Every structure is written in C-alpha cells, then in structure tokens.
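Single-structure report; data block below.
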Protein chains: 2
Amino acid sequence: MNDESCDMRGMLGFLILFLVSKKPMHGKEIADEIAKRKGEKPSPGTLYPAIKNLREAGFLEEKKEGKTITYALTPSGKKALTVAKRKFCNIFLGVFP
Amino acid sequence: MNDESCDMRGMLGFLILFLVSKKPMHGKEIADEIAKRKGEKPSPGTLYPAIKNLREAGFLEEKKEGKTITYALTPSGKKALTVAKRKFCNIFLGVFP
DNA sequence: CAGCTTATATCGGTCATCCGATATATATAA
DNA sequence: TTATATATATCGGATGACCGATATAAGCTG
C-alpha cells in the first residue's frame with residue numbers, strides 16, 4: 001500500500017482492455033496513454049506481458065505493420081470488458097463524482 | 001489476471017477509505033459492504049491487516065465499544081482519500097458511463 | 001459459571017503483479 | 001554498410017496482497 005492507499009495493482013489488464021476498446025493501439029501508444037492518466041509509464045517488462053496475457057486469453061487480436069503491432073479487441077474481449085466494467089462500476093459506485 | 005481481467009488487487013485500502021468516508025463503520029460492516037459490491041467477502045486475514053495498515057498510516061481512528069471497533073477517517077485520512085480519488089478518477093476516466 | 005457466538009487480530013504461505021535489465025527485430029541515419 | 005533509435009518481448013527476482021487457519025477477547029444464553 002502506498003501513500004495514497006491506492007496502487008491500483010491488478011488493474012493493468014482491465015485498463016489495457018478499456019483503452020484499446022476506445023481505439024486500437026500499439027504497445028507504445030498504450031504505455032503513453034497510461035502514463036498520461038497515471039503519471040508514470042509502465043515498464044516494458046510490465047506492459048508487454050500484460051498484453052500477452054490478454055492476447056492468450058483471446059481478448060486481443062494483433063495486426064503487425066512492420067515494427068509496430070496494433071492491438072484491437074476481439075468479440076470475446078469486448079464481452080470480457082463489458083463484464084469487468086459492470087463489476088468495476090459496482091465496486092466503486094459513488095467514488096466518481 | 002482472472003477471467004474478467006480485473007481482480008482489483010491492490011484496491012482494498014482505497015475501497016476501505018472510501019467506504020469509511022461515507023459512514024464510520026466497524027470491520028464487520030466494512031466486510032459486508034465490500035461483499036455487497038464485489039460479490040465476495042474479504043477474509044478476515046485480508047481485511048484486518050488492511051485496516052491496520054490504514055490505522056498505522058494515520059488515516060483511520062478507532063473508537064472501541066465493547067467488542068466492536070468503529071473506524072472513522074482522520075483529517076489526514078480525508079486528505080489521502082481526496083488525493084487517491086483524484087488519481088483514481090484520472091486513471092479510469094471514461095470507464096464509468 | 002459454562003458454553004456458544006461474534007468481532008477483531010495474527011501468522012505462514014502462496015501467487016500474481018510489477019520492475020530492471022536484457023534480448024530481438026525492424027526502421028532510420030550517416 | 002554500419003550505427004543508432006524504436007517497438008516488442010522475455011527473464012529473474014522482489015514485493016506485497018491475499019487467503020485459510022488459528023488465536024484472542026468480548027458479549028450472550030442457559
């Protein structure tokens with residue numbers, strides 16, 4: 001637990017799913033978007049395994065374009081996100097003003 | 001990472017701070033409220049150490065009434081919650097409809 | 001008082017998240 | 001071509017959140 005009692009550990013997969021649902025992105029873009037929201041960029045050793053998990057779970061599909069790989073939600077990923085969002089909103093009901 | 005890609009690990013301290021900010025509560029009440037939101041009750045071995053951390057961080061004060069201990073936010077706890085809430089809303093902007 | 005329930009607390013161990021360092025591969029520059 | 005930068009990926013290790021079992025302590029009931 002850090003000073004703000006909110007290290008958000010365990011939320012990275014959810015956050016990636018959500019960000020990619022807004023717009024297909026490649027890894028670097030995801031990292032930058034997280035940095036913008038969170039204040040610090042996840043290390044490659046954090047981000048890419050998380051992406052890999054989501055891909056192996058069947059939630060993300062990738063399109064390789066040269067050096068970069070653009071990730072998008074699969075139908076199964078959309079469904080998983082819907083479930084996770086509902087749970088998330090339930091748990092944190094009232095937190096957001 | 002679980003099936004829904006959202007196990008919320010690391011959010012317990014934040015959630016406790018938030019719940020207690022709505023209304024001073026004792027441990028059992030906190031556990032029940034979390035169970036209602038989350039679907040499963042945190043085990044005593046999870047909840048009470050988390051409360052202890054918050055108390056030792058100076059965020060919670062306790063009032064003992066017989067067997068039960070009612071927890072409330074300290075001024076420092078209120079400030080910590082404000083900071084954490086701002087961060088939380090920033091990170092998850094757009095998730096809640 | 002004795003026995004049972006409830007609330008709080010601790011301990012040991014497990015597991016997953018995360019980071020830093022490093023590796024690979026593709027693109028760009030000189 | 002050689003060198004450099006960028007994007008993706010993996011590995012080892014550390015941290016700490018979490019659970020189950022167990023312990024303490026206070027109330028209730030007989």
Side-chain angles (χ1 to χ4, degrees), chain A residues 1-17 19-20 24-35 37-57 59-72 84 87 91, chain B residues 1-20 24-35 37-57 59-72 84 87-88 91:
Chain A
M1 178 130 39
N2 67 2
D3 283 357
E4 293 94 18
S5 302
C6 183
D7 71 354
M8 322 257 167
R9 178 179 285 249
M11 305 297 291
L12 184 57
F14 174 67
L15 192 53
I16 293 173
L17 273 191
L19 293 177
V20 169
M25 288 192 266
H26 55 263
K28 183 66 171 13
E29 280 179 312
I30 296 173
D32 288 344
E33 181 62 28
I34 291 176
R37 290 169 171 255
K38 199 167 180 166
E40 55 186 327
K41 190 186 297 221
S43 88
T46 300
L47 181 64
Y48 288 102
I51 291 176
K52 187 187 180 190
N53 287 339
L54 294 170
R55 187 163 35 82
E56 285 176 351
F59 295 162
L60 291 183
E61 62 187 4
E62 52 182 46
K63 195 170 61 169
K64 192 162 187 176
E65 293 156 358
K67 173 173 55 170
T68 72
I69 299 175
T70 300
Y71 300 97
K87 187 177 166 191
I91 294 178
Chain B
M1 178 127 42
N2 68 3
D3 282 356
E4 293 94 18
S5 303
C6 182
D7 70 357
M8 323 261 166
R9 178 177 286 249
M11 306 296 292
L12 184 58
F14 175 67
L15 193 52
I16 293 173
L17 273 191
F18 169 70
L19 292 177
V20 168
M25 289 192 265
H26 56 263
K28 183 68 172 10
E29 280 178 312
I30 295 173
D32 289 343
E33 181 62 27
I34 290 176
R37 289 169 172 256
K38 200 168 178 163
E40 53 187 327
K41 189 186 299 220
S43 86
T46 300
L47 181 65
Y48 289 103
I51 291 176
K52 188 188 180 192
N53 287 339
L54 294 171
R55 187 161 37 81
E56 286 176 350
F59 295 161
L60 292 183
E61 61 186 5
E62 51 182 47
K63 196 169 64 170
K64 192 163 186 173
E65 292 156 0
K67 174 173 53 169
T68 72
I69 300 177
T70 299
Y71 300 97
K87 186 177 166 188
F88 177 89
I91 293 178

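These numbers come from a predicted model, not from an experiment. Numbered from 1 within each chain, the chains take letters A, B, ... in sequence-line order.
- Following rounding to the nearest Å, A:Glu33 (CD) and D:dA7 (C1') show an atom-to-atom distance of 18 Å.
- In this structure, NZ of B:Lys41 is placed 11 Å from C1' of C:dA7, rounded to the nearest angstrom.
- Among the atoms of the strands shown, base atoms are found under 4.0 Å from some heavy atom of B:Gly45.
- What separates CG of B:Leu47 from P of D:dG16 is a distance of 20 Å, to the nearest Å.
- Using a 4.5 Å cut-off on side-chain heavy atoms (C-beta onward), B:Lys38 and B:Met11 make no contact.
- Distance A:Tyr48 OH to C:dC18 P: 16 Å, rounded to the nearest Å.
- Taking 4.0 angstrom as the limit, B:Lys28 places none of its side-chain polar atoms (N or O) nearer than this to OP1 or OP2 of C:dT8.
- Remark: C1' of C:dT17 and CD of A:Glu40 are 14 Å apart, rounded to the nearest angstrom.
- In this structure a side-chain-to-backbone donor-acceptor pair under 3.5 Å is present from A:Glu29 to A:His26.
- Among the nucleotides D:dA9, D:dC19, C:dA27, the one closest to the side chain of A:Lys67 is C:dA27.
- The listed nucleotides are C:dC18, D:dT10, C:dA9; the one nearest the side chain of B:Pro44 is C:dA9.
- Within the 4.5 Å cutoff, the side chain of A:Ile34 has heavy atoms near those of the A:Leu12 side chain.
- Formation of a donor-acceptor pair under 3.5 Å by the B:Glu56 side chain with backbone atoms of B:Asn53 is not found in this model.
- To the nearest angstrom, P of D:dA17 lies 10 Å from CG of B:Leu54.
- If you measure from atom CD1 of B:Ile69 to atom P of D:dA26, you get 10 Å, rounded to the nearest angstrom.
- Take the nearest nucleotide of DNA chain D for A:Thr68 and for A:Thr46: the residue whose nucleotide is more 5' is A:Thr68.
- When the P atom of C:dT8 is taken as reference, atom NZ of B:Lys64 falls 10 Å away, rounded to whole Å.
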